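First up is the structure itself, then whatever we jot down about it.
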Amino acid sequence: MAAHPPVRVPGNPAPAKRYPGSRRVPLEWPGPGRPPLAGNELGRLSAMLLGFGPTRVEEVTEAAVAVITGRPVSGPDAYRPIGNPLRRGVPSGGAFHPGEVYLAWQGSPALAAGLYHYDPVHHGLELLRAGAPGPRLAAALGRRRDCHHVLLACRPWKNGDKYPFGYRLSAMDVGALVAQAEAGGAAGAVHVAFDSAAVDALLGLDRAVESVYAVVELSATGPPAATPLDTTAPVPPAWGLDHDRRTAGTVHPDAVALHRAALHRAALAGRPPVRPEPAPDDGTVTPVVLPLPVPAAADPDEAVTARRSAGAMRPGLRPDQLAGVLARIARSGSLERAAPEHLRLALWCAVSRVDGLPAGAYRYEPGSHTLRAAGPGRPVARELADATTGIATRLLTAGATIYAVAGPGADPSAQDPWSYRLLHLLCGAFVQRAGLAAAGVGAAARPVLSFVPSAVHALLGLDAGHTVVMQVHLGVPGRCPGMLSARLVGPDRAGPACGEESDMDTSPIPVLVDHSPRAVLDGVAAHGAVLVRGGPAPRESFHAIGDALMDPLRYENPFRAEREVVDGDTTTTTVTSGTRAIALHRESSYLPGAPDLLTFHCVRPAAAGGETTLCDGVALLAALEPGLRDDARNLRLVWETRIDTEQWQAMTAGTDPAEAVRQVRQWRDHLPPWQTIDADVTDGVMTIAFGTACTPPTMFGGVPSFCNSLLITDPRDGEYAEGRLRVGSADGGPVPARLLTEVRRVAESLTRAVPWRAGDTVVVDNTRYLHGRRSFDDPGRSVLVRMGYLRPEWLPAPAGPVAG
């Protein structure tokens with residue numbers, strides 16, 4: 001399919017499709033301390049469906065309320081989403097989750113026979129049609145089995161306006177759902193070639209925007225119900241598809257043609273059973289074959305309930321863990337058995353840091369459970385980083401990267417539409433199996449679709465007929481990221497709820513002697529801040545690092561002249577004037593557009609005191625006692641900034657208050673989901689109300705961090721600090737005093753002082769670290785600062801593929 005820039009459709013798709021007029025069957029949430037796959041039949045079904053749905057509802061957001069009530073998500077009464085309400089156990093490109101899950105239930109004592117839709121927001125089933133669906137489904141599948149079925153549908157245009165390759169991503173999403181269904185232990189055959197028109201008609205789907213791509217058999221405990229499926233009553237109307245329908249008119253025609261053609265599959269004939277083969281040996285290198293150890297023992301319950309995509313990884317991956325993941329992925333599932341031989345994928349591996357294994361590129365040979373070297377052993381971490389776009393920093397902490405490689409018969413560009421879709425179903429299954437296998441052996445996995453094909457091709461030494469279609473990075477997990485809680489664990493494995501810890505590195509900031517932009521950014525991504533020391537031209541290095549990593553901001557403070565421009569360069573200034581101590585704060589957190597990075601440079605330290613202070617907001621949040629931590633994560637702040645007439649007229653280049661307010665409100669279209677903005681002009685004074693999370697996500701990893709300016713603003717009694725700035729909670733009340741008291745106490749124990757030397761440069765992630773300074777008396781102290789936004793080429797990958 002040709003690349004085609006998507007046309008943006010206003011608004012975002014609803015988080016989940018719903019049938020508001022249907023009869024609902026709530027499912028029990030099997031939370032901590034309950035065996036995830038035990039209990040009655042409905043309990044096991046509940047646990048299995050949680051793999052498709054949220055691992056946690058992070059907060060009851062306005063977007064979630066819109067889903068619950070059926071109110072519109074666009075227009076004058078729209079709810080603005082302030083967070084991601086669904087964190088799921090399966091990955092999805094861009095976290096859009098275009099897969100929909102339906103259930104064809106034959107009847108049981110726990111659940112009446114019928115066709116159901118799974119509502120992941122409320123963890124319940126919505127009845128579409130009553131009666132046993134078996135005979136009707138058997139006719140469409142060409143196979144009669146007295147069993148239940150999971151029907152996996154795809155909404156290919158749900159993310160079509162965001163990604164020009166959204167059709168490919170959506171097929172991969174459904175493949176991941178197939179692998180998740182198989183992991184439950186009760187799954188049987190997977191059907192991918194069937195009368196999809198008949199199946200879609202049973203569910204009442206609009207095939208232009210949604211169609212069933214795969215059907216998974218589930219075992220039944222009893223005979224089917226005698227009452228046949230009622231196909232006379234219409235399926236209740238669905239809510240949440242308006243965005244899909246609008247987007248369908250904007251996506252590339254090739255994608256629409258692929259979707260339609262795949263719905264009417266032509267029979268495959270005459271395809272050779274070609275399997276990918278290793279690159280031929282040219283005789284210059286003796287092939288190295290490494291026997292892998294016995295795979296690490298896998299815990300299937302742990303895999304099903306703990307699978308997540310890692311935000312960061314640590315050293316220490318063991319060979320038996322890598323062996324366990326490779327062996328599990330290579331084991332053919334029902335989806336592979338349903339696919340033609342020529343579409344099946346081979347596994348390759350780039351070992352970067354696995355204890356006891358030489359670094360290098362290898363092909364995995366499942367028959368002998370060995371790694372066959374693609375060339376002489378060599379370090380590959382840097383090559384891996386060069387081969388991956390967007391989130392190269394994650395690669396440098398992974399122990400190995402596993403690649404799905406298609407052979408000559410499976411070149412995606414040469415497939416008919418149905419085979420093209422099936423190939424990407426297989427890719428999605430590869431991703432989910434890798435994640436499940438990693439969770440089962442205690443490792444961490446991260447699927448990443450963005451990579452440089454030519455660079456990976458060269459790294460693996462592939463010959464011309466092979467295509468790398470997907471990659472998964474494997475390593476040792478950090479502590480559980482704060483986005484998850486209510487992890488499903490058995491009573492013998494009960495542990496701390498995820499969300500009480502973070503997988504971010506909270507060690508002291510490292511000192512670097514490598515001044516290269518990549519090394520500096522890798523350090524900032526891993527630690528949150530780094531100190532760069534040494535080199536022949538430290539001042540020039542300070543500017544070079546900043547120019548390479550960020551688009552610098554110009555200093556144009558409309559409120560007061562608190563800094564001085566250096567050498568006429570408005571991107572470089574002195575730090576805040578004076579010698580007083582400055583409390584910890586996040587730079588410009590009270591208005592939209594806060595910088596991503598801060599770079600400080602010490603021209604001359606003070607004789608005594610004057611150290612710049614730093615505090616890791618991730619570690620600060622994690623160190624709070626659980627109740628206060630929850631209070632902080634649930635707290636939304638509203639910063640009010642007062643601007644006098646002369647200043648707002650200069651800022652908006654006009655004198656009309658209504659036009660000035662309109663300009664401020666235009667910022668809404670550019671804000672992330674957790675921020676809001678409004679304005680008002682009264683008696684010539686403009687007040688800007690900026691709403692934001694107290695613990696916004698970090699730029700690297702998306703981990704909540706106590707990173708704001710509450711400690712420097714010292715909110716009390718609703719007063720405006722210095723007559724221009726005040727803060728309160730979004731509900732109109734004050735910021736809880738007990739929370740601030742405890743935050744100050746904990747922050748004091750975590751704060752570190754930068755040991756300045758002349759020529760030092762410190763680079764700080766302003767989305768994670770608070771900064772301040774200690775008082776001093778030496779008027780000769782000189783520290784410079786530059787601020788800016790991370791350049792696009794360094795931006796971390798979007799939140800996808802992401803699994804909660």
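These numbers were taken from a predicted model, which means no experiment stands behind them. Worth knowing before you read on, the calculation uses all heavy atoms, side chains too, and leaves out hydrogens, waters and symmetry mates.
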Do [X] side-chain atoms and [Y] backbone N/O form a donor-acceptor pair below 3.5 Å?
X	Y	value
Trp667	Gly593	no
Thr572	Asp569	no
Asn766	Pro595	yes
Arg781	Gly610	yes
Ser588	Ala594	no
Arg629	Ala622	yes
Thr613	Arg773	yes
Ser541	Ala537	no
Ser589	Asn708	no
Gln321	Val441	yes

Original post:
Going through the checks in order, is the side chain to side chain contact (heavy atoms under 4.5 Å, CB included) test met by Val603 and His601?
Top reply: CA-CA 6 Å; Val603 178; His601 180 71; 4.1 Å; yes

**OP:** Please identify each residue that fulfils side chain to side chain donor-acceptor pair (under 3.5 Å) with Asp760, with sequence neighbours left out.
**Re:** Arg533

Subject >> Interatomic spacing from CZ in Arg668 to CD1 in Ile677 - rounded to 0.5 Å >> reply: 8.5 Å

**OP:** Supply the atom-to-atom distance Leu635 CG to Phe706 CZ, rounded to the nearest 0.5 angstrom.
**Re:** 8.0 Å

Original post:
Only one of Arg791, Met699, Arg786 forms a side chain to side chain contact (heavy atoms under 4.5 Å, CB included) with Leu597, so which one is it?
Top reply: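 With Leu597 as partner, Arg791, Met699, Arg786 yield a single side chain to side chain contact (heavy atoms under 4.5 Å, CB included), made by Met699.
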
Original post:
Once the angle between the rings of His771 and His585 is folded into 0 to 90°, is it parallel (under 30°), tilted (30 to 60°) or perpendicular (over 60°)?
Top reply: tilted

If you measure from the Lys or Arg side-chain nitrogens to the Asp or Glu carboxylate oxygens, is any gap between [X] and [Y] under 4.0 Å?
X	Y	value
Glu793	Arg518	no
Arg604	Asp778	yes
Arg563	Glu587	yes

**OP:** Mind checking ring-ring contact (aromatic ring centres under 6.0 Å, His included) for His543 and listing every partner two or more places apart, or none if nothing turns up?
**Re:** none

Original post:
Take atom CD in Glu564; do more than 12 heavy atoms of anything else shown fall under 6.0 Å from it?
Top reply: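 Atom CD in Glu564 is not packed in, count stays at 12 or less.
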
Original post:
Can you check whether Ser709 reaches Trp639 side chain to side chain, under 4.5 Å on heavy atoms?
Top reply: yes

Subject >> Side-chain heavy atoms of Arg633 within contact of Cys694, under 4.5 Å >> reply: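 No, side chains not in contact.
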
